[in-house]
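What follows is one structure encoded as structure tokens, with my remarks underneath.
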Amino acid sequence: MRVLVTGGAGFIGSHIVTALHRAGHEPVVLDALLPSAHPTAPDPPTPGSPAAEFLHADVRDPSRVRAALRGVDAVCHQAAMVGLGKDFADAPAYVGCNGLGTAVLLAAMAEAGVRSLVLAGSMVVYGEGRYECPSHGVVRPGARRPEDLAAGRFEPGCPGCGADLTPGLVGEDAPTDPRNVYATTKLAQEHLAAAWARTVGATAVSLRYHNVYGTGMPRDTPYAGVASLFRSALARGEAPRVFEDGGQRRDFVHVRDVAAANVLAIEAAAGTAAGMPGSALTAYNAGSGDPHTVGEMATALARADGGPEPVVTGEFRLGDVRHITADSARLRRELGWRPSVGFEEGMAEFARAGQRASASVASPR
């Protein structure tokens with residue numbers, strides 16, 4: 001298949017391009033190479049390595065997107081602004097890139113007759129994770145209050161009685177409750193994709209990524225993931241700074257496993273593998289199934305690097321959630337995906353890995 005990968009020169013996108021090549025597909029990369037994600041130009045192809053056809057363009061440009069879709073069988077949409085950004089002043093940029101960019105892409109796909117889409121979704125659409133109260137069962141706590149965070153009270157309490165809650169795994173059928181601008185735009189992307197699929201009779205899949213890490217993460221940027229920020233600190237000889245008390249539970253999943261999930265989803269959506277369930281958009285959690293705290297991740301990375309031990313600061317960011325971990329059984333069951341990189345192995349590899357490797361791309365057109 002000929003597969004357009006938007007954002008294909010980026011961190012996750014470049015790994016998807018490699019995985020598509022290895023699976024015998026023909027990836028085409030469309031990427032704006034925005035400075036926030038690409039402080040340097042993409043690496044040129046190394047001798048003997050596959051190079052994807054490359055179009056230097058913004059996904060918000062209708063004419064360039066239409067050109068990129070010629071002869072394409074499926075689209076893997078990775079182009080997006082990620083992370084929480086600096087403050088709410090970033091909201092127009094997030095909405096413009098993630099919302100408008102997706103709308104332009106889907107309109108061009110409808111016109112071109114491309115009927116298979118895999119979207120880079122995110123676990124942030126759930127807001128807080130799944131919690132259980134001893135008295136009230138499964139509950140959904142409200143947003144954490146700044147005064148509680150400032151006082152070091154990081155765990156959300158039961159909204160009914162205030163009791164301590166036990167965190168659990170979130171399934172795809174859990175209610176969505178985005179808690180920040182980025183999360184809101186990721187949910188909007190899913191709604192747009194579902195509307196497109198219903199309107200044109202297409203198949204859309206959203207892979208709701210959990211905390212993806214691995215070779216090629218951007219360094220020293222407010223838009224990078226926490227693993228990248230810790231890795232950058234260690235590269236400077238500094239201790240990783242862990243916010244709150246380090247007890248936030250996350251699911252850290254290796255980028256190669258996420259890339260493999262994308263290939264399976266693309267093949268299924270295009271009908272070259274097992275068919276998709278009958279709905280306009282099917283969401284899959286893409287997590288390792290092996291949750292760890294942020295503090296545990298920082299410690300594992302520091303020890304693998306041989307650098308200073310992490311420092312727990314008590315700082316916090318409004319809009320962050322306390323615990324969010326995935327139940328990825330649906331992805332395993334329906335697409336046969338299995339993560340292959342364990343936590344300790346992945347952190348040891350990441351401690352030695354480079355942080356800004358882009359996809360190998362052929363000459364732009």
Side-chain angles (χ1 to χ4, degrees), residues 82-84 121-188 190-191 206-213 225-227 242-253 282-300 310 312-333 339 343:
V82 299
L84 291 184
S122 176
M123 53 83 180
V124 295
V125 301
Y126 298 117
E128 284 286 353
R130 184 182 188 275
Y131 292 90
E132 191 164 347
C133 170
S135 301
H136 296 95
V138 176
V139 297
R140 294 188 61 79
R144 296 187 294 172
R145 300 185 305 172
E147 56 268 32
D148 287 337
L149 298 173
R153 296 187 293 269
F154 302 120
E155 294 287 348
C158 174
C161 64
D164 291 341
L165 301 174
T166 301
L169 300 180
V170 180
E172 292 89 349
D173 295 330
T176 53
D177 184 17
R179 300 289 177 94
N180 54 61
V181 172
Y182 169 65
T184 302
T185 64
K186 296 307 289 183
L187 184 57
E190 290 194 356
H191 288 319
S206 177
L207 294 177
R208 291 175 175 171
Y209 302 158
H210 281 246
N211 290 69
V212 186
Y213 72 97
V226 65
V242 179
F243 279 16
E244 300 187 18
D245 60 1
Q248 309 95 301
R249 287 169 56 85
R250 298 289 188 269
D251 188 320
F252 299 99
V253 58
T282 303
Y284 292 102
N285 289 330
S288 71
D290 182 24
H292 289 269
T293 68
V294 171
E296 288 170 345
M297 186 270 286
T299 298
V312 177
T313 69
E315 297 171 86
F316 60 89
R317 296 191 307 177
L318 291 176
D320 274 345
V321 299
R322 180 61 176 174
H323 304 296
I324 177 69
T325 54
D327 180 353
S328 300
R330 177 184 290 177
L331 183 58
R332 290 161 167 77
R333 181 177 66 252
F343 179 76

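No hydrogens, no waters, no symmetry mates; every other heavy atom, side chains included, goes into these values.
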Open item on the list: Any salt bridge linking Arg153 with Asp245? Criterion: basic side-chain nitrogen under 4.0 Å from a carboxylate oxygen.
Closed with: no

TODO: State plainly whether the residues Arg322 and Glu155 are in salt-bridge range, i.e. N to O under 4.0 Å.
DONE: yes

Task: Straight-line distance of Glu315 CD to Asp320 CG, nearest 0.5 Å - done: 11.5 Å

Open item on the list: To the closest 0.5 Å, what do you measure between CZ (Arg208) and CG (Leu331)?
Closed with: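 Atom-to-atom, Arg208:CZ and Leu331:CG are 12.5 Å apart.
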
Closest heavy-atom contact between [X] and [Y]?
| X | Y | value |
| --- | --- | --- |
| Val139 | Cys158 | CG1-SG, 4.3 Å |
| Ala298 | Val242 | CB-CG2, 3.7 Å |
| Pro141 | Pro156 | CB-CB, 3.8 Å |
| Gly246 | Val312 | N-CG1, 4.3 Å |
| Glu244 | Arg144 | OE2-NH2, 2.8 Å |
| Ala326 | His210 | CB-NE2, 2.8 Å |

- [ ] Can you establish whether the number of heavy atoms outside Asp148 located under 6.0 Å from its atom CG is more than 12?
- [x] yes

State, yes or no, whether a side-chain contact exists between [X] and [Y] at a heavy-atom distance under 4.5 Å.
| X | Y | value |
| --- | --- | --- |
| Val294 | Phe243 | no |
| Asp173 | Arg330 | yes |
| Lys186 | Tyr209 | no |
| Tyr126 | Arg140 | no |
| Pro146 | Leu318 | yes |

Task: His292/Arg250 under side chain to side chain contact (heavy atoms under 4.5 Å, CB included): CA gap, chis, key distance, verdict - done: CA-CA 6 Å; His292 289 269; Arg250 298 289 188 269; over 6 Å; no

Open item on the list: Assess the residue pair Tyr182 and Val124 against the criterion (side chain to side chain contact (heavy atoms under 4.5 Å, CB included)); give the C-alpha distance rounded to whole Å, side-chain angles, the decisive distance to 0.1 Å, and a yes or no.
Closed with: CA-CA 8 Å; Tyr182 169 65; Val124 295; 3.8 Å; yes

Task: Distance-only polar pair, side chains of Asp251 and Ser288, donor-acceptor under 3.5 Å - done: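 Per modelled atom types, Asp251 and Ser288 side chains form a pair under 3.5 Å.
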
TODO: Answer yes if the side chains of Glu190 and Ser206 hold a donor-acceptor pair under 3.5 Å, and no otherwise.
DONE: yes

- [ ] Kindly assign one of parallel, tilted or perpendicular to the pair Phe252 and Phe343, based on the angle between their ring planes and the thresholds 30° and 60°.
- [x] tilted

Task: From Asn211, Asn285, Val253, residue fulfilling side chain to side chain contact (heavy atoms under 4.5 Å, CB included) relative to Met123 - done: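 It is Asn211, the one option of Asn211, Asn285, Val253 that forms the side chain to side chain contact (heavy atoms under 4.5 Å, CB included) with Met123.
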
Any donor-acceptor N/O pair, [X] side chain to [Y] backbone, under 3.5 Å:
| X | Y | value |
| --- | --- | --- |
| Thr293 | Glu296 | yes |
| Arg130 | Ile324 | no |
| His323 | Gly129 | no |
| Thr325 | Gly168 | yes |

- [ ] Test side chain to side chain contact (heavy atoms under 4.5 Å, CB included) on Met297 and Val226 and set out the steps.
- [x] CA-CA 9 Å; Met297 186 270 286; Val226 65; 3.7 Å; yes

